[in-house]
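What you see below is based on every heavy atom in this structure, not just the backbone, and it leaves out hydrogens, waters and symmetry mates. Below, read A as the first sequence line, B as the second, and so on, with proteins coming before strands; counting in each chain starts at 1.
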Amino acid sequence: MSPELAAILARSARDAARALVGWTLLKDGVGGVVVETEAYEPDDPASHSFPGPTRRNATMFGPPGRLYVYRSYGVHWCANVVCSEEGTGAAVLLRALEPVAGLEVMQERRRTADLRLLCAGPGRLAEALDISDVDDGAALDQPPFELHAPRSSPDVVTGPRVGIRRAVERPWRFALRGSDFVSRPRPRA
DNA sequence: CTTTCGATGATCT
DNA sequence: GATCATCGAAAGG
């Protein structure tokens with residue numbers, strides 16, 4: 001793993017979630033720029049790692065830089081980046097990308113031509129990149145995945161996390177300011 | 001525009 | 001049996 005990525009992922013989920021905005025994520029050359037993330041910390045009642053290690057969340061307690069993939073509402077797949085120290089259970093939920101590469105492939109997978117709806121939400125993002133349970137535990141800096149650093153530091157806004165019932169007050173959602181490709185409800189401009 | 005609701009399966013109580 | 005880090009279609013204003 002590059003020193004730059006390792007340094008980002010070594011930090012808390014909050015810091016890693018903020019720092020991952022602007023990076024480009026690809027699977028098999030298909031994907032785009034990360035424009036929205038959420039942090040899930042250890043001792044965070046909203047995190048899947050909160051109850052401790054189980055079969056589902058085992059990847060969360062493994063090495064940083066791996067993908068933790070889980071099924072949401074029995075219908076969708078959602079993808080996280082494991083971060084902080086191995087064994088802590090910290091992770092960053094990937095919530096939205098700005099589509100950049102493989103647009104036609106993603107449009108086909110998502111069955112929509114609207115670029116704003118290709119990767120705007122964790123379930124949509126996973127479907128567009130063809131991420132599922134088989135990718136759980138995969139290293140994000142090794143094929144078929146690539147993670148590329150932004151050229152300059154992006155302008156990031158924060159807000160409450162989406163879709164959770166517990167610890168709703170923690171402002172651990174991060175998004176690229178003004179992006180047209182974030183999920184709803186839209187963060188403040 | 002906004003709100004409501006069904007789908008569908010693993011996990012938890 | 002209830003809950004859930006979601007989405008899209010349908011119904012309501």
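Proximity note for A:Arg124 (side chain, C-beta onward) versus C:dA5, C:dC7, C:dT6: the nearest is C:dC7. Closest contact between the side chain of A:Val162 and the listed nucleotides C:dC7, C:dA5, C:dT6 involves C:dT6. Residue A:His76 has its side chain nearest to C:dC7 when only C:dC7, C:dA5, C:dC4 are considered. In this structure, the nucleotide among B:dA7, C:dG8, C:dA5 sitting nearest to the side chain of A:Arg110 is C:dG8.
Regarding A:Arg95, its CZ atom lies at a distance of 11 Å from the C1' atom of C:dC7, rounded to whole Å. Residue A:Arg184 contributes atom CZ, which lies 18 Å from atom C1' of C:dA5 at whole-angstrom precision. Residue A:Asp136 contributes atom CG, which lies 11 Å from atom P of B:dT11 at whole-angstrom precision. In this structure, the CZ atom of A:Arg109 is 17 Å from the P atom of C:dC7, given to the nearest Å. Across the protein-nucleic acid pair, A:Glu169 atom CD and C:dA5 atom P stand 14 Å apart, rounded to whole Å. If you take CH2 of A:Trp77 and P of B:dT8, they are 15 Å apart, rounded to a whole angstrom. Straight-line distance from the CZ atom of A:Arg71 to the P atom of B:dC12: 16 Å, rounded to whole Å. Here the P atom of nucleotide C:dA5 and the CG atom of A:Leu94 are 17 Å apart, to the nearest Å.
Within the 4.5 Å cutoff, the side chain of A:Met106 has heavy atoms near those of the A:Val30 side chain.
Put simply, A:Leu97 and A:Val156 are part of the same group of oily side chains (I, L, V, M, F, W, Y) that touch within less than 4.5 Å, one to the next. Grouping the Ile, Leu, Val, Met, Phe, Trp and Tyr side chains by contacts below 4.5 angstrom, directly or via other members, places A:Met60 apart from A:Ile131. Put simply, A:Leu129 and A:Phe145 are part of the same group of oily side chains (I, L, V, M, F, W, Y) that touch within less than 4.5 Å, one to the next.
Side-chain nitrogen and oxygen atoms of A:Arg165 include at least one within less than 4.0 Å of the OP1 or OP2 phosphate oxygen of C:dC4.
A:Tyr70 contributes a side-chain N or O that forms a donor-acceptor pair with the base of C:dA5 under 3.5 Å.
Note that CH2 of A:Trp23 is 5.5 Å distant from CG of A:Leu147, once rounded to the nearest 0.5 Å.
Figure legend: A:Arg161 and A:Tyr40 shown as a cation-pi pair, the cationic atom lying under 6.0 angstrom from the six-membered ring centre and within 45 degrees of its axis.
Between A:Arg166 and A:Leu117, the one whose closest nucleotide on DNA chain C sits nearer the 5' end is A:Arg166.
Across all strands shown, C:dA11 is found opposite B:dT2 as a Watson-Crick or G-U wobble partner, with both distances under 3.5 Å.
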- Tell me, with the steps shown, if A:Trp172 and A:Asp44 meet side chain to side chain contact (heavy atoms under 4.5 Å, CB included). CA-CA 11 Å; A:Trp172 290 349; A:Asp44 175 358; 3.5 Å; yes
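Contacts between residues 52-63 of chain A and DNA chain B, counted as heavy-atom distances below 4.0 Å, involve A:Thr54, A:Arg56.
Counting any heavy atom pair closer than 4.0 Å across all strands shown, A:Leu93 reaches a base atom.
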